[in-house]
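Data first, discussion second: the structure below is written as structure tokens.
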Amino acid sequence: MNIHSLLKKKFGYNSFRPGQEEVIQSVISGHDTVAMLPTGTGKSLCYQLPGYYLKGTVLIVSPLLSLMQDQVEQLKIKGEKQVVAYNSFLSVSERKAVLDKLHRYRFVFISPEMLKNERVLERLKRISISLFVVDEAHCISQWGYDFRPDYLNLGNVRQLLGKPTTLALTATATKKVREDIIQLLHLDQPKEWIFSVDRPNIYIHVEHVSDMQEKEVRLLHLVQQLQKPGIIYFSSKRLADEMAKKMRQAGLNKVASYHAGLDQDERILIQQQFLYQQLEIICATSAFGMGINKENVRFVIHYHVPAQMESYVQEIGRAGRDGNKSIAILLYMEGDEHLHYGLMEQELPTDAQIDTFFYELYRLKKWPEETMLTEIQQSLQLSDVQLRFLLHYAEPLKQRPAQKVQVEEITQQIKNDRDVRRQERVRKIQEMKQWVASFTCRREGILSYFDERLDHCPLNCCDQCGTNVDFYYQTKSEIKDESKEQWEDILSQLFYR
DNA sequence: CGTTCGTCCATTAATGGACGAACGGTGCCTTAAT
């Protein structure tokens, strides 16, 4: 069966969306492929369809458990039974059962962390993998170097699995990030399918405020006036909570905050309520977004400037998936970016921490027990992220005890890598700040960051090219509808209690 | 780097200011002991 009839038969579509066919052709002909497709263009089809065309199992590396669960569910709805997410949600016996019949699955979703498990790797080696997929592949570059080092190991995993055809999927990657992906995954002369990151229906607005109070007033004004639903991004969980509370006090009742401090259950509930219009405004941290497929988000406000352009583009890209006019507003106060310098420092280990940590390993003459390791962590006041950063480099010392020369080499390497990483992150923060402070077209600025050129500005482009935020305010009739709805809510609550 | 929180001390006795420390986003995976 050819891919067009598969598309019709398995997915019920008559034609491909832009980019899909090229990417699918590329992977089924056995080429390693890097695909950058805009959000909402159906990236998952790019590996789902080949799953039916090719013989064997498609292995999908996914950054988030919730994303995996989501995709498993979607495939099940389409009638696919041979699909599983192998992760910590499964009980010990379930895991064993899955591993025992791994070859029977058509789609297996897995996290990068799980792929360092020896037993899992052993089993994966024995089955035939038709396609190795890295979903949200920019995570390799964005998270791999510090936050989730197991992303850096995917290249080795790929090698161990006999270099299956590989597909790296993302919506936002600069040329440098794509090179990073190719190098770290050890891709072999990959084909690249790159589509624009531009979203012409999103008006981009940067607004400068002089102090915190003004920022708060502006935010409350905007959320009352703008067409909803919308998302507000914060770089602080506390502020996200506080502002959500203030909005509720101001009479907006469909508001919630969302961040990693919430339980899994609460997070799922809020996502669902937002999806089904029971919530209109989410005060969120960067935890909110990946895998949220809501079409009609009308605004995205940034209360804090993101740490890099990639994050900004991902976050504003959650607006206007339906193609209708939407707005992105960044509220900027001089010095906002400093928060990110602080966050960065607490993620990277200091010289003293590095030296002492490896001195301890050397002194012990063998790999420390779990309890010993926690002791070292506590005495050096290492955060979990810092510890993992160090452990990633300490990996070779697990096999045989540390030699002095080797330890010196490793510590030097870590300090080096850390400094490179710090410099890179500082550069990204500065680039973001420059964009905020610039007096040229915002869209052009974003596109040039992604090595693209802007042919012509859309009608409502950005604050530099002109139009007015008011244009995105809800009309009087919409406000009336809203209050009527609230009345209905109140009445139904009264009656059905 | 800027904000917030806790502690200390000085006063006409329960506030207030000064000062320093801590905090500030992201997510996998925990095979232990009740």
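Here is how names work: the chains are called A, B, and so on, in the same order as the sequence lines, proteins then strands, and each is numbered from 1. Because the structure is predicted, anything quoted here is derived from the model rather than measured.
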Check: Looking at A/Arg95, A/Gln69, A/Glu113, which one forms a side-chain hydrogen bond (donor to acceptor under 3.5 Å, both in side chains) with A/Asn87?
Finding: A/Gln69

For the pair made of [atom1] in [X] and [atom2] in [N], what is the distance, rounded to whole Å?
X	N	atom1	atom2	answer
A/Arg148	B/dC28	CZ	P	6 Å
A/Asp150	B/dC28	CG	P	12 Å
A/Ile231	B/dG25	CD1	P	18 Å
A/Gln264	B/dC29	CD	C1'	14 Å
A/Phe234	B/dG25	CZ	P	11 Å
A/Leu115	B/dC29	CG	C1'	13 Å
A/Tyr303	B/dT3	OH	P	11 Å
A/Tyr332	B/dG2	OH	P	11 Å

Looking for any heavy atom pair under 4.0 Å, which part of the strands does [X] touch: base, sugar-phosphate only, or nothing?
X	value
A/Tyr341	nothing
A/Glu370	nothing
A/Pro112	nothing
A/Leu239	nothing
A/Asn117	nothing
A/Arg388	base
A/Gly342	base
A/Glu347	base
A/His340	nothing

Checklist line | Axial cation check for A/Tyr303 ring with A/Lys215, 6.0 Å and 45° limits | finding: yes

From the set [options], return the single nucleotide nearest to any side-chain atom of [X].
X	options	value
A/Ser286	B/dC29, B/dG25, B/dG27	B/dG25
A/His338	B/dT3, B/dC28, B/dC1	B/dC1
A/Leu64	B/dC28, B/dT26, B/dT4	B/dC28
A/Gln346	B/dG24, B/dG27, B/dC29	B/dG24
A/Ser111	B/dG24, B/dG25, B/dC28	B/dC28
A/Arg95	B/dG27, B/dT30, B/dG24	B/dT30

Check: A/Phe147 stacking on B/dT26: centroids under 5.5 Å, ring planes under 30°?
Finding: yes

Notebook entry, point to check: Any side-chain heavy atom of A/Leu382 within less than 4.5 Å of one from A/Phe357?
Noted result: yes

Note to self: Is any side-chain heavy atom of A/Leu169 closer than 4.5 Å to one of A/Glu136?
What the structure shows: no

If you measure from the [atom1] atom in [N] to the same atom in [M], how many Å do you get, rounded?
N	M	atom1	result
B/dA13	B/dC8	P	22 Å
B/dC28	B/dC23	C1'	24 Å
B/dA18	B/dT11	C1'	14 Å

Item checked: Mate of B/dT15 where both pairing distances stay under 3.5 Å, Watson-Crick or G-U -> B/dA10

Notebook entry, point to check: Considering Watson-Crick and G-U wobble pairs with both distances under 3.5 Å, what does B/dA32 pair with?
Noted result: none

Can you see if the side chain of [X] gets near the phosphate of [N] - specifically, an N or O under 4.0 Å from OP1 or OP2?
X	N	value
A/Ser88	B/dT30	no
A/Ser311	B/dT26	no
A/Arg267	B/dT26	no

Notebook entry, point to check: Between A/Tyr312 and A/His302, does the ring centroid distance fall short of 6.0 Å?
Noted result: yes

Check: Given the side-chain rings of A/Phe389 and A/Tyr393, with only the six-membered ring counted for Trp, is the space between their centroids under 6.0 Å?
Finding: yes

Check: Looking at the angle O4'-C1'-N9-C4 for a purine or O4'-C1'-N1-C2 for a pyrimidine, is B/dT11 syn or anti, with syn meaning within 90° of 0?
Finding: anti

Notebook entry, point to check: Where do A/Pro190 and A/Val34 come nearest, in terms of heavy atoms and distance?
Noted result: CB-CG2, 4.4 Å

Notebook entry, point to check: Backbone N or O of A/Glu214 within a donor-acceptor pair of the A/Asp211 side chain at under 3.5 Å?
Noted result: yes

Note to self: Judged by each residue's nearest nucleotide on DNA chain B, which is more toward the 5′ side, A/Tyr258 or A/Met212?
What the structure shows: A/Met212

